[in-house]
Amino acid sequence: MNFIHNILTPTSPAPRVVALSSGGLQLEWHRNGVDLEVVFDRGEQPFFYCRNRVTGEESEHPLPANQVLLISIIANLE
């Protein structure tokens, strides 16, 4: 909850929360031609994956080191 509080603003779109079979959680946004997934899996470092469906560009980034980039991507989903 603290993580979500730190990355979302009052105008941010709400993520879809998906339970992983491993017991972890995934937050998902699919908006404006972007697929964004933040993964919290048991025993693994959290990370996020981003794909631009228009350009085909994909990237994966560890958290919390890239939290500023994640916040920027979410802001572009508004």
Side-chain angles (χ1 to χ4, degrees):
M1 293 305 291
N2 287 334
F3 177 81
I4 292 172
H5 176 73
N6 289 332
I7 64 167
L8 299 180
T9 68
T11 60
S12 298
R16 187 172 137 214
V17 180
V18 179
L20 301 175
S21 61
S22 62
L25 288 176
Q26 181 167 300
L27 307 177
E28 297 182 354
W29 293 262
H30 303 284
R31 297 173 56 103
N32 301 336
V34 173
D35 296 323
L36 176 61
E37 300 171 353
V38 180
V39 180
F40 300 94
D41 209 352
R42 287 181 159 190
E44 302 291 329
Q45 179 178 359
F47 70 93
F48 70 93
Y49 163 82
C50 184
R51 179 172 71 105
N52 183 313
R53 291 187 305 250
V54 176
T55 66
E57 183 181 348
E58 297 180 67
S59 60
E60 188 172 298
H61 306 274
L63 289 169
N66 292 285
Q67 186 167 323
V68 172
L69 175 59
L70 177 60
I71 291 168
S72 172
I73 294 169
I74 293 171
N76 288 324
L77 297 176
E78 295 178 14

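This one's a predicted model, so the numbers in the text were calculated from it and none came from an experiment. In this chain, numbering begins with 1 at the start of the sequence shown.
- By the 4.5 Å heavy-atom criterion applied to side chains, Glu37 and His30 are counted as neighbours.
- The heavy-atom pair separating Asn66 from Pro62 by the smallest distance is ND2-O, 3.0 Å.
- No side-chain heavy atom of Val39 sits less than 4.5 Å from a side-chain heavy atom of Glu44.
- Tyr49 and Phe40 are members of different hydrophobic clusters when ILVMFWY side chains are connected at heavy-atom separations under 4.5 Å.
- Using a 4.5 Å heavy-atom cutoff, the side chains of Leu77 and Val34 are in contact.
- When hydrophobic clusters are built by joining Ile, Leu, Val, Met, Phe, Trp and Tyr residues whose side-chain heavy atoms come closer than 4.5 Å, directly or via intermediates, Leu69 is grouped together with Leu8.
- Side-chain atoms of Ile74 and Thr9, non-hydrogen and from C-beta on, never get closer than 4.5 Å to each other.
- A chain of hydrophobic side-chain contacts below 4.5 Å, direct or via other Ile, Leu, Val, Met, Phe, Trp or Tyr residues, connects Ile71 to Trp29.
- Under the 3.5 Å distance criterion, the side-chain polar atoms of Asn52 are matched with a main-chain donor or acceptor of Thr55.
- In the displayed structure, Arg16 atom CZ is contacted under 6.0 Å by at most 12 heavy atoms of other residues, nucleotides or ligands.
- Residues Val38 and Leu20 do not share a hydrophobic cluster, defined by chaining ILVMFWY side chains whose heavy atoms lie under 4.5 Å apart.
- In this structure, Phe3 is a member of the same hydrophobic cluster as Val17, with clusters built from ILVMFWY side-chain heavy atoms closer than 4.5 Å.
- With sequence neighbours left out, Glu60 forms a side-chain contact (heavy atoms from CB on, under 4.5 Å) with Phe47.
- Sparse packing is recorded around CD of Glu57, with 12 or fewer heavy atoms of other residues, nucleotides or ligands lying under 6.0 Å away.
- Arg53 CZ to Asp35 CG: the interatomic distance, rounded to the nearest 0.5 Å, is 4.5 Å.
- Side chains of Glu78 and Pro13 form a contact here, defined as non-hydrogen atoms less than 4.5 Å apart.
- Here the side chains of Leu27 and Phe48 are not in contact, with every heavy-atom distance at 4.5 Å or above.
- One N or O on the side chain of Gln45 and one on the backbone of Leu63 form a donor-acceptor pair closer than 3.5 Å.
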